[in-house]
Number of protein chains: 2
Amino acid sequence: MAKRVTLADVARKAGLSMSAASMILNGRPDTRLSQEAHERVNAAAAELGYRPNVAARGLRTDKTLTIGFVSDLVATTRFASGLIKGALEAAEDARHFVLVAETEGDPRREEEAIAALLDRQVDGIIFATMRARELFVPDLPDSTRAVMLNAINARHRTSVLPDEYTGGRAAVELLVDAGHRDGIALLGQSDEAERELFRSETVARRVAGIRSALDEHGLSFAREESIWLWEPQEGYEAALRILREDPGIRAMVCMNDRLAFGAYQAAAELGMSVPGDLSIVSFDNDEIAAYLRPGLTTVALPHEAMGRRAVELLLREPDHGQSLVAMPVVERESIAPPAHS
Amino acid sequence: MAKRVTLADVARKAGLSMSAASMILNGRPDTRLSQEAHERVNAAAAELGYRPNVAARGLRTDKTLTIGFVSDLVATTRFASGLIKGALEAAEDARHFVLVAETEGDPRREEEAIAALLDRQVDGIIFATMRARELFVPDLPDSTRAVMLNAINARHRTSVLPDEYTGGRAAVELLVDAGHRDGIALLGQSDEAERELFRSETVARRVAGIRSALDEHGLSFAREESIWLWEPQEGYEAALRILREDPGIRAMVCMNDRLAFGAYQAAAELGMSVPGDLSIVSFDNDEIAAYLRPGLTTVALPHEAMGRRAVELLLREPDHGQSLVAMPVVERESIAPPAHS
DNA sequence: CCCCCGTGCTAAATGGGTTCAGCAGGGCAT
DNA sequence: ATGCCCTGCTGAACCCATTTAGCACGGGGG
């Protein structure tokens, strides 16, 4: 294939200078170039299939139409790949491209990744984490914009976070609406047991939302089970314990879908049916939520919407505030009215 | 923060010309610059924290230390995100960066993505698909390298694919080693029913491997069930049908883990235990394989290794051949010797 | 007739680096 | 003393675009 077409080729073909061609192709206002010049340049560019060299342009203008996406584990684990998907979509809509780097949370790799992104003159950087947390960010040039995605940082205040408080409330409302008043357990969190621990900013908000809705209805949990690792095996064991020791449990709020998956397995083992004997509501809307039988009703982490939002904020002037993205309720079949015993 | 340090700053500080500084920093051999000049330049660069501007260098050298990753749905779905993870890791090891684009298989978006990557002067492009298939690739400049990842293309012959044939054989060997000789079902594929259909190159090889191992042992499937959509719901229904109609079934080869998940649900519903009454082996090593109880033994898709390999091939001279990556057997607890009835 | 202004366009500087041709100056052979 | 080579370095072109200052020309006013 032939060499790439450059602006010089277009100018030559149009019989004008590169300056004229450049101004016309960029649609600069207030140039006094004639109508005819416009036509000749546009025709030449179209005919030759001219596309500007982004790097060369960036050298001059400091805009590369490229943004950096630095994450600990987001891009490459299934848990939060929606973040990157949303970011890619929004970037494409804005005719930008995304340079992706994963650091696994290692500060040295993070620093190196940022330096490498700056070497490539990115217009801005999105910092994403899997578990919303305070993220260390090295110094950036003033001209480099930054947006925190599912993360917070003291210096870079523009953050995109899920609206966990409202989401937490929604989960409780689902059970209450179905008629549950007592016999509700919380699986995965016990404020008492975790007083000294801090999971993440968003988990704290989720729990606060859950408790506020519960309070509002004058209700309280019959049981709370602290679980540090939110995986199916742990959920299974804890649910089994709860259900055995406390036969009055009729509903469960699980802190994530993998715990809920474990709870399903425990219920099955005890011969309890979901949702007939046990209603379950959960958070995240993981892949497995749709695979479970019956389908798991869950309050979704809006990863794609968050990724989109982050890019949109980055490309507009970042506004230095927290941007909360609504968590949609995904209703499936895991909630029913309590059986009257 | 101050303006970026340029080569001119380094040269000035070292009291030498930019040319000298450039040659020294790039470690050019056969320049006759003095030992002392080397030391002065290196010291100046280190002291100022100089990093070359990749875009500017690329303009001259046509090397940007950046590669493009174009995929249909790989990056952003949990199914194959390992591909991107491996690619990112290998790129980082080679001090390269990755520009990611998703096209959802839309040829227009694909063409646009490739053009945009070329605008950014990438050194090469990896084309990845979720389901290994023949992928259309528009014209590329001769200088742009291409590697197909989980895909094949007539013009660009360098491909990275999972070694499905050997993987298929391995799945059968697992059952045979456990003592299974008859009552084995195949869930998800029936050559008879799918004569006219073509899923993908790799599925064909997987099936060929399965059949070759079976033949070698003089065995054959007691039952084959064609399923077009390999999802849990479909697996559940098909497995339920098979197990009801054919009580002699003692083992199942599932074409993927989601089908196996459905088979687990069907077995549970029929009061059969895995692996006591029914052994199950499967493919992919999805997230759910580890979550199931008992753990699902499965032949893994080596996504990360494939992503790595693709980058390595791209950065060396691509060799115009298919590179097969071994599929590791992940042994868990879903296979046991057949109960003697 | 001269000056001024508006119109339509171009030359040249710029961004940050790489690379090639070649320039000074010292040492050596003739 | 002349010519030549070797050493150690620099000037300038080049990559591809953007941007600013200003040139040439024609027309109108004084």
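- Taking A:Glu201 as the reference, A:Arg205 meet the side chain to side chain donor-acceptor pair (under 3.5 Å) condition, with sequence neighbours excluded.
- Remark: C1' of D:dG8 and CD of B:Gln35 are 13 Å apart, rounded to the nearest angstrom.
- Bracketed by its first and final contacts, the part of DNA chain C lying under 4.0 Å from non-hydrogen atoms of chain A reaches from C:dT7 to C:dG16 in 5' to 3' order.
- For the salt bridge (Lys or Arg N to Asp or Glu O under 4.0 Å) test, no residue two or more places apart in sequence or in another chain qualifies with A:Asp106.
- Summary of helix geometry: the two end axes of the helix from C:dC1-D:dG30 to C:dT30-D:dA1, each defined by five base pairs via their C1' atoms, are inclined to each other by 90° (rounded to 10°).
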In B/S/- notation, 5' to 3', how is nucleotides 17-23 of chain D contacted by protein heavy atoms closer than 4.0 Å?
BBBB---
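- If you take CG of B:Asp62 and C1' of D:dC14, they are 13 Å apart, rounded to a whole angstrom.
- Checked against salt bridge (Lys or Arg N to Asp or Glu O under 4.0 Å), B:Glu304 has no partners two or more places apart in sequence or in another chain.
- Residues that satisfy the side chain to side chain donor-acceptor pair (under 3.5 Å) test with B:Ser159, not counting sequence neighbours, are absent from this structure.
- Residue B:Ala37 is classed as a sugar-phosphate contact, given heavy-atom separations below 4.0 Å to backbone atoms only.
- A:Asp9 meets the side chain to side chain contact (heavy atoms under 4.5 Å, CB included) test with A:Val5, A:Thr6, A:Arg12, A:Leu48; sequence neighbours excluded.
- Scanning for salt bridge (Lys or Arg N to Asp or Glu O under 4.0 Å) contacts around A:Arg95 gives B:Glu112, with sequence neighbours left out.
- Shown here are the side chain to side chain donor-acceptor pair (under 3.5 Å) partners of B:Arg109, two or more places apart in sequence or in another chain: A:Glu92, B:Glu104.
- In this structure, B:Asp163 and B:Gln322 have side chains that are not in contact, with every pair of non-hydrogen atoms separated by 4.5 Å or more.
- Residues meeting the side chain to side chain donor-acceptor pair (under 3.5 Å) test with B:Arg155, sequence neighbours left out: B:Asp139.
- Every residue meeting the side chain to side chain contact (heavy atoms under 4.5 Å, CB included) condition with B:Leu99, not counting sequence neighbours, appears here in chain and number order: A:Thr66, A:Phe97, A:Leu99, B:Thr66, B:Leu117, B:Arg120, B:Val122.
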